[in-house]
Each structure stands twice: as structure tokens, then as C-alpha cells.
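Reading through the C-alpha cells given below for one structure.
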Amino acid sequence: AQSVAQPEDQVNVAEGNPLTVKCTYSVSGNPYLFWYVQYPNRGLQFLLKYITGDNLVKGSYGFEAEFNKSQTSFHLKKPSALVSDSALYFCAVRDDAAGNKLTFGGGTRVLVKP
Amino acid sequence: NAGVTQTPKFRVLKTGQSMTLLCAQDMNHEYMYWYRQDPGMGLRLIHYSVGEGTTAKGEVPDGYNVSRLKKQNFLLGLESAAPSQTSVYFCASSYGVAEGKNIQYFGAGTRLSVL
């Protein structure tokens with residue numbers, strides 16, 4: 001069975017400071033990892049994904065994520081946060097042996113203060 | 001390009017009533033999914049479809065039925081609504097599962113309250 005953990009319910013950061021949202025995962029096969037963002041009253045929007053290749057993945061809106069196989073982590077990062085980055089962030093995993101089913105973490109709310 | 005469209009956006013039901021949520025996508029995607037979102041629990045897969053005429057159970061299928069009569073539409077039905085089904089429902093679609101085709105695109109959601 002596959003699972004995802006986002007250990008922080010909320011992350012507070014000042015505008016201009018680095019932002020990190022943590023994610024750890026568990027799969028039996030090779031992981032496909034995704035980050036999605038949800039703005040209020042909207043659906044989820046795709047940010048980035050890791051399938052294979054470079055451990056550092058760059059995505060939309062200046063976000064990046066680092067895949068760490070030994071720590072089974074896929075933390076989302078942004079060097080300089082904006083107020084407009086305030087949203088709910090979801091990490092998701094798909095085991096390459098599990099077909100098309102994504103398992104989502106519980107979500108982390110990011111609040112960027114001016 | 002509308003992407004994934006869900007109707008209705010909001011609905012209030014009484015316990016025991018039935019309703020159907022409609023999802024439509026205009027991206028010619030093969031795969032479609034229904035999720036429910038509850039606070040602190042992320043999104044949980046209810047049912048999904050890998051093509052027209054096919055459906056399969058996800059993580060939390062009980063109390064729901066689905067149909068995929070047309071490729072572009074995926075319907076989620078509640079035959080006898082219960083308060084435990086109060087949630088926000090999201091539909092998503094993707095081309096498939098292969099590399100480059102496995103990104104899921106989401107609708108704006110349907111907020112359902114069952115009293």
C-alpha cells in the first residue's frame with residue numbers, strides 16, 4: 001500500500017523568506033511524486049512532478065522539489081515566498097505498480113505574511 | 001478551453017435524498033476520477049474510469065455509484081444521501097498513466113451538505 005505524510009498542518013513564513021513544505025512517502029515500487037496547490041474555492045492545480053532523473057525538479061511559479069530516496073521525502077521549496085503563495089498544498093504519490101491511483105497527503109496550509 | 005467542469009457547484013440535500021454530480025472534460029482524456037475532500041484527510045479516491053464504458057472502485061466507494069457512458073462525461077450518484085457524505089467533491093481527468101500523460105487536471109469542486 002502507498003501512503004503520504006505531510007507532517008505540518010500549517011506553515012507560516014514572512015514574504016521574501018524561503019518556503020519549505022515537507023512530504024514523506026511510502027510505496028512498494030518506484031514512486032511517482034506530485035505536488036498540487038489549491039487556492040480558496042478552487043480545484044487543485046498541478047505544480048510539479050518527479051518520475052525519474054534529476055532529484056531536483058523545477059515547476060510552476062518558481063517552486064521546486066527535491067526527491068530524496070534514502071529519506072523517502074519530496075519536500076517542496078521556494079527560495080522567496082510571495083503573499084500570493086498562500087494556499088493549501090498537497091503532496092501525492094503513485095506507485096508505478098499501482099496503476100493510475102494517486103494517494104494524497106492531508107495537505108499543508110501555507111500562510112505568507114507581508 | 002474549459003478543461004474540467006463540474007455541476008452543480010453547491011447543493012444541500014436532506015438525508016435519504018438522491019442526486020447526481022456531473023463532470024465534463026473537453027481535453028479528450030481517457031481517465032476520469034472522483035475524489036472527496038475532507039478536512040485534514042486530503043483527497044480520497046471514490047471511483048475512477050480508464051475509458052468510456054468502464055468504471056472501478058477507489059478507496060472509499062461505499063454509498064456512491066458512477067457511470068461513464070460518454071468519454072467526456074463522468075457521473076457520480078448518491079442513491080440515498082447520508083450526513084457522512086457531506087464533503088467537497090472533485091472530479092479530475094488525465095490522458096493516461098504513462099510518462100507525460102499522467103498529470104491529473106481538476107475541476108473547481110462541488111460542495112455538498114447533507115442535513
Side-chain angles (χ1 to χ4, degrees), chain A residues 1-10 21-27 29-54 57 59-60 65 87-109, chain B residues 2-7 9-10 21 23-25 27 29-51 54-61 74 87-111:
Chain A
Q2 54 195 41
S3 65
V4 177
Q6 293 180 244
E8 301 157 314
D9 290 336
Q10 182 160 322
V21 185
K22 296 179 181 177
C23 171
T24 58
Y25 66 91
S26 174
V27 296
N30 293 317
Y32 289 23
L33 293 154
F34 302 80
W35 275 103
Y36 283 83
V37 60
Q38 184 182 28
Y39 297 101
N41 300 314
R42 302 288 297 275
L44 277 68
Q45 296 178 29
F46 169 77
L47 276 180
L48 52 80
K49 67 177 179 178
Y50 171 84
I51 307 297
T52 60
D54 289 341
V57 179
S60 306
L88 190 56
Y89 291 80
F90 290 97
C91 181
V93 68
R94 179 167 75 84
D95 188 328
D96 66 354
N100 55 311
K101 290 180 281 186
L102 282 180
T103 297
F104 285 83
T108 298
R109 188 167 301 280
Chain B
V4 180
T5 303
Q6 292 183 232
T7 53
K9 289 182 170 33
F10 304 95
L21 282 66
C23 177
Q25 53 93 6
M27 297 175 282
H29 285 172
E30 289 293 334
Y31 287 62
M32 297 188 74
Y33 317 81
W34 275 107
Y35 294 90
R36 59 178 289 172
Q37 182 182 28
D38 301 292
M41 301 185 73
L43 276 72
R44 292 181 292 168
L45 183 65
I46 304 172
H47 286 281
Y48 64 100
S49 169
V50 302
T54 72
T55 63
K57 294 180 179 179
E59 181 184 355
V60 288
F74 194 30
S87 187
V88 181
Y89 292 85
F90 287 100
C91 177
S93 69
S94 69
Y95 282 109
V97 296
E99 171 59 34
K101 297 184 177 181
N102 52 15
I103 297 171
Q104 294 186 20
Y105 296 85
F106 285 79
T110 296
R111 189 172 297 275

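Chain identifiers are assigned alphabetically (A, B, ...) following the order of the sequence lines, protein sequences preceding nucleic acid strands; residue numbering begins at 1 within each chain. What you are looking at is a predicted structure, and each value in this text was computed from that prediction instead of being measured.
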> Has A/Arg109 got more than 12 heavy atoms of other residues, nucleotides or ligands less than 6.0 Å from its CZ?
Replying inline: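 Incorrect, the count does not exceed 12.
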Name the region of [X], side chain, backbone, both or neither, that has any atom closer than 4.5 Å to a heavy atom of chain A.
{"X": "B/Val50", "result": "side chain"}
{"X": "B/Leu43", "result": "both"}
{"X": "B/Arg111", "result": "side chain"}

> Are A/Phe46 and B/Phe106 close enough that their ring centers fall under 6.0 Å?
Replying inline: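 Not under 6.0 Å, so no.
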> What part of A/Gln38 is in contact with chain B, defined as an atom under 4.5 angstrom from a non-hydrogen atom: side chain, backbone, both or neither?
Replying inline: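 Just its side chain gets close to chain B.
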> Say you draw a straight line from CD of B/Gln104 to CG of A/Leu44; how long is it, rounded to the nearest 0.5 Å?
Replying inline: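 So the gap between those two atoms works out to 9.5 Å.
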> Distance from A/Arg94 atom CZ to B/Asn102 atom CG, nearest 0.5 Å?
Replying inline: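 Answer for the CZ-CG pair, A/Arg94 versus B/Asn102, is 5.0 Å.
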> Taking C-beta and beyond as the side chain, do B/Tyr48 and A/Leu102 meet within less than 4.5 Å on heavy atoms?
Replying inline: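 Side-chain contact under 4.5 Å: no.
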